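Here the structure is laid out as structure tokens; the discussion comes afterwards.
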Amino acid sequence: MNDHTQTLSDRADALEERMMHELGERIATKSTLFHLADGEVTMDSGPALKAANPDKYFLMGADPRLPKMPDKPTLIDFFHNRFASLNHLLQSATLALKNGHSEKVILACLLHDIGVASFIRADHGYWGAQMIEPYVDEEVSWAVRTHQALRFFPDPSVGYEYPQMYVKYFGADYKPEPYIVAEYERARNHKYYMTSRLICVNDVYSFDPNAKVDLDDFIDIVGRNFRQPEEGLGFDNSPSAHMWRTLMWPTRFL
Ligand SMILES: [Fe+2]
Ligand SMILES: [Fe+2]
């Protein structure tokens with residue numbers, strides 16, 4: 001037990017030193033999920049950190065290391081300040097635009113991987129769909145959620161094959177989890193099936209570095225199809241407002 005306490009305390013010291021250096025008077029904490037991603041089942045110890053820094057408070061708002069967000073953030077503000085990469089989203093939406101698809105399909109392509117770009121890879125379709133659900137047509141969020149499963153299954157009727165990239169990434173013998181298979185089975189006869197399938201068709205990995213993609217090309221489509229809350233994303237009391245707030249302030253103590 002002493003060893004364990006020692007380890008936690010060492011960790012807390014190291015963290016505290018780093019954070020104090022970067023944040024001045026505030027101590028930022030990492031959530032358990034961030035530690036799990038490092039292969040450690042642990043959490044930052046509030047009492048230990050506070051004991052080591054009796055004159056400091058924990059961060060309970062914006063993290064000064066991250067880009068500043070406006071008071072009433074829009075989806076576009078999140079694109080610019082919290083999504084780690086826009087290229088894949090923009091190239092997919094650009095392809096959907098070129099292919100003459102509906103605005104719902106284009107928006108679905110633009111948003112299909114925001115779970116990965118901003119939040120978490122695992123079950124990214126589900127997370128991404130939940131984030132946007134209160135603000136888009138149900139067809140769009142359904143398609144975003146379901147593309148995660150459909151990506152693993154070919155559909156010759158639209159020329160969609162199992163992605164070679166998945167063979168490269170996961171191995172030739174990879175089999176999707178039973179819940180993904182079940183999701184696919186349910187989706188096949190759903191009225192929005194093709195919307196989600198079109199995300200897969202336009203979900204391009206190879207990117208021409210010379211191709212011009214620009215978020216500005218989609219501002220109008222977002223404006224017409226994403227119900228931006230007046231109070232700002234995170235402050236409208238929607239069922240997913242907390243997710244946007246967490247993305248805005250990921251290192252708040254509580
Ligand atoms: Fe995806
Ligand atoms: Fe994708």
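Both counts, for ligands and for their atoms, begin at 1 and track the order of listing. For clarity, every value in this text was computed on a predicted model and none was experimentally measured.
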Non-hydrogen side-chain atoms of Y192 and E138 separated by less than 4.5 Å: yes
Could you check whether Y135 and N225, counting side-chain N and O atoms only, form a donor-acceptor pair closer than 3.5 Å? no
Between D44 and H35, a side-chain donor and acceptor under 3.5 Å: yes
Listed as residue and atom, the protein N/O/S atoms under 2.8 Å from the Fe ion (ligand 1) are D113 OD1, H124 NE2, H147 NE2
The Fe ion (ligand 2) - closest N/O/S atom in H88: NE2
Y179 side chain to D123 side chain, donor-acceptor N/O pair below 3.5 angstrom: yes
Under 3.5 Å, is there a donor-acceptor pair linking the side chains of D155 and S157? yes
Sorted by chain and number, sequence neighbours left out, ring pair (Phe, Tyr, Trp, His ring centres under 6.0 Å) with H242 holds for none
